Amino acid sequence: MRSIVYRLFCRVKRRLVSDFEADPYLLYILLLTGVLAGFWFWHLIPNFATRDEHARLLDVLPMIGALVVDPGIESLRQGVTQGRMYGATFYLNALALIPAVLFAIITGKLAIFAPFYRPYKSTNIWAIDTDLWHLWHDTPQWLWTSSLLTLRLFSVLFAVGCVYLTYRIGTTLRDRATGRLAGTLLALTFGFVVTAHEAGEDIPMLFFLLLVIYLALRYLQSGNETNLLIGCVVGGFAIAFKLTAVVGVLGLGTAYLLRARRTGTDWYTAIARPRLIITGLILGIGAVVFGYPSILLSGPDALADRIFRGVSNKGTVTGGRTASAGWWFLRGYLNGLGLPLFLAAIGGVLASISQLRNQSRETEGIAVVLIVFGSCVFMLSWWEYIRVHHLLPTFPLVMLLISMALLRLRDHKPTIARTLVVVLLVSSGLYTGYGDVAYATQPRDEATQWLSTHAPDDATVEVYVEDPQDAAVPHGMRTSHYGHREDSGAQIPRSRPSVTEWMRALPERCPEYVELTHEDLLYLAPNSSSARSWQYHKHPQRSAYIRQLVNSPTDQYEVAAEFGPRPSFFEAQPRFRQRLPEFVRVGLIPRTIQYGDEQDLGPEQYVLILERTGHCPRPDTATARVTGIR
């Protein structure tokens, strides 16, 4: 096994050296990727860019807590299975936590991990009655900071790897010019750059999916069975990162069938190779099992649970617009690619489909790419809503199809082809660059910094969101919030006020600051704007309370600061201001509402801070859950 790994390492090293020597532009393409994907990648830390960042860390921390509380195999099993079983992402998060664990060992602070282990709970820490504000505030800031920085750095490195693999696939399909153009276009794809700025499984999954496609093409070219078998292993590991990577299996299968057609023997004899097929299946399934530590420790039920949860979750709208799959596809691609690149994508796909009429080695490679692309689109078309990062696996495939179509055009009409390439590179660079720069001026970051510099050390900020990720609060600041979920160490009261009653009792708590986020302002949005606003309209008293705070604060509070662009529903737009149609605006302005993606560079990061300026009538009466005393 060691010799196999060593040979693979040497093979990869030789390929890298050969590519850099043969193509002087490759290094600059990869550097561009690193700059765009890594620009301000520490945004919002020690808070989270998405719920996925929070949830994936919470999948691993119970395991560490279990080993701290009661070292042993059984505790390890319980700690691992308390997570939500997101597969190979577990390993990345475990690696990212190693610096924090080592620091805790050196400083004698391993006890900070103990609260994450709940041996008396049968379900995961994310779903149990855990107050997320307490969990975030009570955990030292250095743990969140070190782990999130490491995870996002992993994402940046995988993004660079994705661009390199796109280059390799393009070179394998046609030539180095195709690889250069496809890699550059992917590096300038806004949806790709945004996803690389968050910790999660999307970018690592894409890396392994692209590696599967590359190995499938190599097998198609050479017939070397090693490429196919390695592709099965990599494909299984990609599926362990994210189930949507199963489309890579179809890519391998297509390459296998096309290669069999070249043998010149009868069809059945060419494809009936049971030893190769069975070996590939065993390796692929073994990689999936290894990629899910919960399967290794608790059995195959963990995978069945993950599949069921994934399928059921994609059948419901969780916060986005209620619209058709076509609407989601169109909006997602326009936002992820930008209008010029989106139009080029349509042309590239159509041109590639028409190319299938020609019998050639290049056409066979195009068929593999189209099969993976088409199967991914078909799978997503069954979902109720589609976010930009769900479309991520198709982005490099689209860039490959665009590049091949443009270079075929160059053979006949070089001037037109070069003009189109320049237009795409410039427009995509401007679109993605404008969106990327927004990381340096994020409203939540600015609001957090404002509270850090303006609020006294003993000040309290009141928030109405359940998750710290949705708010802009410095770590350690006293926070007044409703206990949607009780901390496990606290006694759960037999009776307590409802959320509405608690909100309306603001004068009794009298915090120094009240923070309203975009999520809170959805109470004021039309009920047709999203699934969340439709749910919020079921609570008219809360809507009236938020409206009063926003439009006519009491004599106790007044607006102290606001950050980010106001949502369109927040106040009426002037009549003389004509707004662009939504789809045109999305394709021209990257900072638009995402409808469900928590990492948002636009209106969803809006923060309004109210400061108490009047007398506090009952300063000693505090019914709020107060956390984060600093």
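We use all heavy atoms of the structure for the numbers below, so side chains are in, but hydrogens, waters and symmetry mates are not. Note that the structure is predicted; figures quoted are calculated from it, not measured.
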For Glu201 and Arg56, what are the C-alpha separation, side-chain angles and deciding distance, and is it a salt bridge (Lys or Arg N to Asp or Glu O under 4.0 Å)?
-> CA-CA 9 Å; Glu201 60 268 17; Arg56 303 309 183 259; 2.8 Å; yes

Enter the distance from [X]:[atom1] to [Y]:[atom2] here, rounded to the nearest 0.5 Å.
X: Asn47; Y: Asp467; atom1: CG; atom2: CG; answer: 8.0 Å
X: His390; Y: Trp383; atom1: NE2; atom2: CH2; answer: 4.5 Å
X: Leu148; Y: Ile45; atom1: CG; atom2: CD1; answer: 5.0 Å
X: Phe583; Y: Arg331; atom1: CZ; atom2: CZ; answer: 7.5 Å
X: Asp445; Y: Trp40; atom1: CG; atom2: CH2; answer: 8.5 Å
X: Arg547; Y: Leu521; atom1: CZ; atom2: CG; answer: 11.0 Å

Is [X] salt-bridged to [Y], going by a charged N under 4.0 Å from an acidic O?
X: Arg612; Y: Glu558; value: no
X: Lys242; Y: Asp202; value: yes
X: Arg152; Y: Glu198; value: no

Does [X] reach the side chain of [Y], with side-chain heavy atoms less than 4.5 Å apart?
X: Glu512; Y: Val461; value: no
X: Tyr513; Y: Val473; value: no
X: Leu522; Y: Pro567; value: no

Exercise: do [X] and [Y] side chains pair donor with acceptor under 3.5 Å:
X: Asp520; Y: Thr517; result: yes
X: Glu611; Y: Tyr557; result: no
X: Gln442; Y: His43; result: yes
X: Tyr545; Y: Tyr464; result: yes

Assert yes or no for the condition that the ring centre distance of Tyr431 to Phe190 is strictly below 6.0 Å.
->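 That pair passes the under 6.0 Å test.
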
Centroid-to-centroid, His518 to Tyr606, below 6.0 Å?
->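 Not close enough - the centres of the two rings lie 6.0 Å or further apart.
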
Has Phe39 got more than 12 heavy atoms of other residues, nucleotides or ligands less than 6.0 Å from its CZ?
->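 Check passes, neighbour count above 12.
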
Tell me, please, which residues at least two apart from Phe103 pass ring-ring contact (aromatic ring centres under 6.0 Å, His included).
->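 Result, ring-ring contact (aromatic ring centres under 6.0 Å, His included) vs Phe103: Trp142.
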
Run the salt bridge (Lys or Arg N to Asp or Glu O under 4.0 Å) check on Asp600 and Arg591 step by step: do they pass?
-> CA-CA 8 Å; Asp600 194 297; Arg591 305 179 193 179; over 6 Å; no

Any idea how Trp133 and Trp136 line up, ring-wise: parallel (<30°), tilted (30 to 60°), or perpendicular (>60°)?
->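 Correct class here is perpendicular.
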
Give me the ring orientation class for His134 and His481: parallel if the planes are under 30° apart, tilted from 30 to 60°, perpendicular past 60°.
->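 Perpendicular: the ring planes of His134 and His481 meet at over 60°.
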
Test side chain to side chain contact (heavy atoms under 4.5 Å, CB included) applied to Thr460 and Arg478, Arg509, Met477, the passing residue =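 So the option named by the test is Arg478.
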
